[in-house]
Amino acid sequence: MDDIFTQVREGNAFHVRVWLDNTENDLNQGDDHRFSLLHWAAREGRTNIVDMLIQRGARINATNMGDDTALHLAAGHGHRDVVVMLLHNKANINAINEHGNTPLHYACFWGFDQIAEDLVNNGALVSIANKYDEVPLDKAKPFLTKMLKDRALALGQDLSKIPFKDRSWLGYKTRSRDALLSRHPGIDIAQLQLVGHVASTHSGETWRGRWQDNDIVAKILNIVECTLRNSRDFQEEFPRLRIFNNPNVLPVLACCNQPPNLVVISQFMPFGSLFNTLHGESGIVVDQNQALRFAIDIARGMEFLHSMEPMIPNFLLTSKHVMIDEDLTARINMADYRFTFHERGKEYNPAWMAPEAMLKKPSEINMKGADMWSFAILLWELETREVPFADLTPMEIGMKVALEGLRIKIPPGISSHMSRLIKICMNEEAGKRPRYDMVIPILEKMKLSS
């Protein structure tokens with residue numbers, strides 16, 4: 001099969017679908033010019049592939065090396081159906097590229113009247129100046145200029161020119177990922193440039209660093225002795241953590257298997273964990289709407305993990321094991337997977353664990369039901385902004401939850417819908433807890449009504 005970028009350009013939807021079904025393939029990777037698959041599908045007007053990529057979690061506002069988004073390319077090549085699809089999926093309508101041009105600049109320049117009108121109707125500003133001090137209306141033919149100006153005025157736009165220098169309000173640029181990140185599963189530890197110590201935890205030492213000009217995080221597992229068997233098990237288990245085709249799962253990019261060092265490498269997340277976001281100094285304001293977005297992201301990621309056969313074992317869902325990406329997407333961190341040889345019989349985060357998970361053998365636990373209990377604790381945490389059982393030690397929490405019936409208390413002020421959902425997800429009988437595909441529509445309905 002030709003490379004995936006060629007398949008997308010040529011519109012081979014079947015081959016693209018097969019490629020996306022492989023969990024190790026990263027749909028947000030870029031080619032040599034950082035064109036993502038969505039960039040090429042939008043540029044070529046491959047509507048069905050654009051839809052497929054969006055449904056699989058392609059980043060709508062990722063930029064190539066020229067800072068073009070998919071919307072720039074669709075607008076500049078006259079693909080109105082793709083433009084509409086991107087707008088419906090929260091494309092940044094006033095994004096600027098390296099020349100200062102917005103999608104509206106290109107629609108006007110190339111005379112795509114209907115696309116230009118669609119853009120203005122959806123909030124595109126007609127007065128943003130590019131690097132050359134040209135606004136979109138300067139690029140349009142006279143009749144289109146008049147029509148767009150009249151429409152903008154009717155919508156209440158201020159037609160005063162917005163200088164190119166006033167770009168800070170547009171936010172972050174999100175580049176498509178380097179394809180090299182997903183091609184090298186096993187590497188030499190000498191290739192890593194570890195530049196800063198991030199944290200010391202029971203599971204290992206975490207460092208921030210650089211690898212192939214990308215910001216990464218390397219976690220050096222904390223093990224008493226790295227035996228040949230441990231090294232072999234590590235090599236066998238880590239490939240299942242390379243899940244690149246779901247936007248709510250943060251994959252392990254690569255590993256270093258060089259005893260005594262066993263290292264898992266993942267992409268650097270600027271805002272850190274959800275735990276840090278809720279209880280630390282991340283700088284993110286988590287309002288009710290954002291909390292629900294995080295909850296939906298986590299539920300979608302867990303639904304995907306539960307769909308895998310066999311399921312990935314030894315992963316405990318907690319706010320410490322969910323990372324927040326630069327676009328405020330919550331992603332389940334596969335680097336926090338517990339290898340079979342690692343920390344056997346030890347539990348450091350019992351506050352999020354189902355009581356039966358602390359009492360039964362792993363083979364006797366309903367893992368999907370146990371995960372749903374953990375998700376209920378996360379929902380409570382998102383709603384209250386409190387750490388569960390913060391006044392107790394981990395050992396006390398484990399004993400009291402497992403043996404004495406200790407449970408989180410839902411305080412007044414939480415909506416009746418959320419309170420009911422938390423209680424349902426914490427049913428004492430694991431088999432009666434809902435599945436994630438049942439929970440997601442409930443959360444989405446809450447978000448729409450919030």
Side-chain angles (χ1 to χ4, degrees), residues 189 192-211 215-227 230-231 233-234 237-238 241 249-282 284 298 301 305 312-325 330-353 357-358 370-371 374 377-378 381 386-399 401:
I189 196 169
L192 302 178
Q193 297 172 293
L194 302 182
V195 296
H197 186 259
V198 176
S200 295
T201 66
H202 53 83
S203 60
E205 300 290 326
T206 303
W207 293 77
R208 183 174 176 183
R210 298 279 292 172
W211 175 46
D215 290 323
I216 55 96
V217 171
K219 181 178 180 180
I220 304 173
L221 299 188
N222 184 14
I223 51 179
V224 176
E225 181 184 6
C226 184
T227 64
N230 290 348
S231 177
D233 291 347
F234 179 75
E237 293 177 39
F238 105 88
L241 310 180
V249 177
L250 183 65
V252 168
L253 300 174
C255 78
C256 299
N257 187 356
Q258 293 174 287
N261 293 316
L262 302 181
V263 186
V264 289
I265 299 158
S266 54
Q267 185 182 354
F268 172 70
M269 296 285 104
F271 295 119
S273 68
L274 177 60
F275 186 90
N276 180 62
T277 299
L278 294 176
H279 313 300
E281 301 294 332
S282 69
I284 301 174
I298 296 164
L305 293 179
I312 294 177
N314 306 324
F315 181 85
L316 173 62
L317 177 62
T318 81
S319 58
K320 298 176 182 179
H321 300 160
V322 174
M323 306 301 286
I324 306 302
D325 209 338
R331 308 181 70 189
I332 297 164
N333 187 16
M334 300 316 296
D336 287 319
Y337 162 85
R338 180 185 292 186
F339 291 88
T340 55
F341 57 85
H342 194 211
E343 302 178 307
R344 287 180 178 173
K346 298 178 181 179
E347 300 299 343
Y348 295 95
N349 296 291
W352 288 267
M353 290 184 69
M358 291 182 273
D371 284 343
S374 301
I377 303 295
L378 267 176
E381 195 177 356
E386 296 178 11
V387 178
F389 313 119
D391 57 333
L392 301 175
T393 66
M395 182 176 289
E396 289 173 329
I397 295 170
M399 293 291 289
V401 169

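Computed over heavy atoms, backbone and side chain alike; hydrogens, waters and symmetry mates excluded. Just so it is clear, the model here is predicted, and its values are computed rather than measured.
Closest of all the heavy-atom pairs between Ile332 and Ile298 is CD1-O, 3.7 Å. Here the closest heavy-atom approach between residue Ser266 and residue Pro251 is recorded as CB-O, 3.7 Å. Taking each heavy atom of His202 and Asn349 in turn, the nearest pair found is NE2-ND2, 4.3 Å. Looking at every heavy atom in both residues, Lys320 comes nearest to Asp336 through O-OD2, 3.7 Å. The nearest pair of heavy atoms linking Ala218 to Leu192 is CB-CD1, 4.3 Å. In terms of heavy-atom proximity, Val401 sits nearest to Met353 at CG1-O, 4.2 Å.
Every side-chain contact (heavy atoms from CB on, under 4.5 Å) that Thr340 has, sequence neighbours left out, goes to Asp233, Glu237, Asn314, Tyr337. Residues satisfying the ring-ring contact (aromatic ring centres under 6.0 Å, His included) criterion with Phe268, sequence neighbours excluded, are absent altogether.
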Before giving the answer on side chain to side chain contact (heavy atoms under 4.5 Å, CB included), spell out for Ile265 and Cys256 the whole-Å C-alpha distance, their side-chain angles and the decisive distance to 0.1 Å. CA-CA 8 Å; Ile265 299 158; Cys256 299; 4.0 Å; yes
One pair to check against side chain to side chain contact (heavy atoms under 4.5 Å, CB included): Phe339 and Leu241. What are the steps and the verdict? CA-CA 11 Å; Phe339 291 88; Leu241 310 180; 4.0 Å; yes
Side chain to side chain contact (heavy atoms under 4.5 Å, CB included) evaluation trace for Arg338 with Leu316: CA-CA 8 Å; Arg338 180 185 292 186; Leu316 173 62; over 6 Å; no
Pair Asp215-Arg210, side chain to side chain contact (heavy atoms under 4.5 Å, CB included): steps then yes or no: CA-CA 5 Å; Asp215 290 323; Arg210 298 279 292 172; 2.8 Å; yes
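Trp352 and Phe275 have perpendicular rings, their planes meeting at more than 60° on a 0 to 90° scale where under 30° would count as parallel. In this pair, Phe315 and His321 present their aromatic rings tilted. The plane angle is within the 30 to 60° band.
Taking the side chain as every heavy atom from C-beta outward, Val322 and Leu317 approach each other to under 4.5 Å. Residues Leu221 and Phe234 form a side-chain contact, since some pair of their non-hydrogen atoms from C-beta on lies under 4.5 Å apart. Taking 4.5 Å as the limit, some side-chain heavy atom of Pro259 sits within range of a side-chain heavy atom of Asn257.
A donor-acceptor pair under 3.5 Å links the side-chain atoms of Asn230 to the main chain of Glu225, judged by distance alone.
Here the rule is side chain to side chain contact (heavy atoms under 4.5 Å, CB included) with Arg208, and of Val198, Ile216, Leu194 only Val198 fits it.
For residues 270-280, every residue pair satisfying the side chain to side chain donor-acceptor pair (under 3.5 Å) rule, not counting sequence neighbours, is listed here: His279-Glu381.
By the neighbour-count criterion of 12 heavy atoms within 6.0 Å, atom CE of Met399 is sparsely surrounded, having that number or fewer from other residues, nucleotides or ligands.
In this model, a donor atom of one side chain and an acceptor atom of the other lie less than 3.5 Å apart for Lys219 and Ser203.
Rounded to the nearest 0.5 Å, atoms SG (Cys255) and CG (Leu262) are 8.5 Å apart. For the atom pair CG (Leu278) and CD (Glu386), the distance works out to 11.5 Å, reported to the nearest 0.5 Å. From Asn333, atom CG reaches atom CG of Leu274 across 12.0 Å, with rounding to the nearest 0.5 Å.
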